Novice: 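Below is a structure I'd like to ask you about.
Being a predicted model, the structure only gives us computed values, none of them experimental.
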Amino acid sequence: MAVKDRRVAAVGDLERRIGHRFEDRELLERALTHASVGDGAKAKVRDNEVLEFIGDRVLGLLAAEALSERFPKAKEGELAPRLNALVSRETCARVAKGADLGPALRLSASSSKIGGRETESILAGACEALMAALYQDGGLELARRVFLDLWSEEFDRAGQGRPRDPKTALQEWAQSKGRPLPSYRVLDRTGPDHAPEFTVEVSVKDVDPAIAKGKSRQEAEKAAAKALLERVAG
């Protein structure tokens with residue numbers, strides 16, 4: 001089967017998996033198109049970056065709504081880290097893999113060749129874009145149904161105690177030692193706009209700093225915080 005035919009089949013499989021056939025086919029195609037497709041193209045390519053932006057907000061609303069229903073007695077401080085965990089890049093990428101989103105993506109030949117269909121940042125962005133497309137094609141109720149289905153296992157994780165991201169955990173460790181809050185500094189930013197890589201340093205008073213890389217500043221900060229926390233807190 002040709003590459004194009006395999007992708008067409010994968011898109012059909014994806015629609016069956018989520019239980020929705022898009023009325024607006026161009027909208028679905030845009031949600032699955034990575035920015036790399038436009039690299040070197042003579043005509044402008046409509047990629048999924050704007051939909052990714054919208055989808056992030058759609059996910060935030062749906063996650064906040066679902067968490068408030070599942071944990072009606074929880075305070076905001078208990079819900080916030082759970083929400084952050086549900087909509088994080090890592091979670092969105094994991095959901096995308098579970099939905100087998102990778103084969104349906106439209107990537108440049110170079111991105112596909114180097115494993116873009118398995119790249120966390122690409123999968124996470126496409127997952128967010130798909131949620132935006134579902135919201136625009138079928139409304140909030142459709143987006144809610146798909147969200148609750150695809151994120152069902154993630155809600156089980158969110159219910160297992162109070163999740164903390166590495167930055168929060170490092171902050172709490174520093175405070176427990178009577179030290180100032182951790183400080184973060186971007187050391188470098190490389191790569192094209194659609195696929196940047198950030199190098200970030202985190203430091204805490206009287207502790208050697210840690211350095212890590214990530215596809216976004218936030219991702220790099222979390223990685224650096226995790227590295228430093230593992231070193232000082234075992």
Side-chain angles (χ1 to χ4, degrees), residues 31 33-39 47-61 63-64 77 79-97 101 105 107-108 110-111 114-132 154 157-158 163-175 179-205 207-233:
T33 299
H34 185 247
S36 63
V37 176
D39 291 347
D47 59 51
N48 63 10
E49 289 189 339
V50 173
L51 286 174
E52 180 180 343
F53 172 80
I54 298 171
D56 180 56
R57 276 68 187 171
V58 172
L59 282 176
L61 170 62
L79 294 176
R82 288 191 168 102
L83 187 147
N84 290 337
L86 285 173
V87 302
S88 71
R89 184 167 294 273
E90 296 85 353
T91 297
C92 287
R94 193 161 53 239
V95 169
K97 288 180 180 178
L101 189 57
L105 297 181
L107 306 176
S108 68
S110 59
S111 292
I114 62 175
R117 298 182 191 281
E118 297 295 324
T119 300
E120 182 178 274
S121 60
I122 292 178
L123 286 171
C127 184
E128 291 173 337
L130 178 63
M131 292 305 300
E154 301 302 329
R157 290 189 178 93
R164 296 184 302 164
D165 65 62
K167 291 179 66 176
T168 300
L170 182 60
Q171 176 179 315
E172 292 177 355
W173 178 84
Q175 290 176 318
R179 298 174 184 175
L181 295 179
S183 62
Y184 297 85
R185 181 164 64 99
V186 176
L187 300 180
D188 194 18
R189 182 190 186 281
T190 59
D193 289 341
H194 69 264
E197 182 174 72
F198 291 81
T199 302
V200 168
E201 176 187 80
V202 60
S203 58
V204 175
K205 184 180 179 181
V207 177
D208 290 336
I211 298 174
K213 298 179 182 293
K215 298 300 182 182
S216 67
R217 177 172 179 169
Q218 181 74 1
E219 183 178 303
E221 288 180 352
K222 286 183 178 180
K226 181 179 180 181
L228 184 55
L229 191 64
E230 289 176 347
R231 186 182 347 127
V232 298

Novice: Could you tell me whether the side chain of Leu181 reaches within less than 4.5 Å of the side chain of Gln175, counting heavy atoms only?
Specialist: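 Yes; the side chains approach each other to less than 4.5 Å.
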Novice: Would you check, one step at a time, whether the test side chain to side chain contact (heavy atoms under 4.5 Å, CB included) holds for Trp173 with Arg179?
Specialist: CA-CA 9 Å; Trp173 178 84; Arg179 298 174 184 175; 3.2 Å; yes
Novice: Can you give me the closest heavy-atom contact between Ala220 and Phe198, atom names plus distance?
Specialist: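 Heavy atoms only, the tightest pair is CB-O, 3.7 Å.
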Novice: When you compare the side chain of Pro182 with that of Leu228, does any pair of heavy atoms fall below 4.5 Å?
Specialist: no
Novice: Do Ile122 and Lys215 touch side chain to side chain, with heavy atoms closer than 4.5 Å?
Specialist: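 No. Closest side-chain heavy atoms not under 4.5 Å.
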Novice: Using 0.5 Å steps for rounding, measure from the CD atom of Glu197 to the CZ atom of Arg189.
Specialist: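 The CZ atom of Arg189 is 11.0 Å from CD of Glu197, to the nearest 0.5 Å.
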Novice: Flag the pair Leu107 / Arg117 as yes when at least one side-chain heavy-atom distance between them is below 4.5 Å, and no otherwise.
Specialist: yes
Novice: Would you check if Ser108 and His34 make a side-chain contact, meaning some heavy-atom pair closer than 4.5 Å?
Specialist: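 In short, these two side chains do not touch, never coming nearer than 4.5 Å.
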Novice: Output the distance between atom CG (Asp188) and atom OG1 (Thr199), rounded to the nearest 0.5 Å.
Specialist: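 Reported to 0.5 Å precision, the distance equals 5.0 Å.
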Novice: Taking the side chain as every heavy atom from C-beta outward, state whether Asp208 and Arg231 have any pair of such atoms under 4.5 Å apart.
Specialist: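 Side chain of Asp208 against side chain of Arg231, heavy atoms only: contact under 4.5 Å found.
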Novice: Can you name the closest pair of heavy atoms from Leu123 and Leu105 and give their distance?
Specialist: CD2-CD1, 4.2 Å
Novice: Would you say that Lys226 contacts Leu229 through its side chain, given a criterion of any heavy-atom pair below 4.5 Å between the two side chains?
Specialist: no
Novice: Any non-hydrogen side-chain atom of Gln218 less than 4.5 Å from a side-chain atom of Arg89?
Specialist: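 They are not in side-chain contact.
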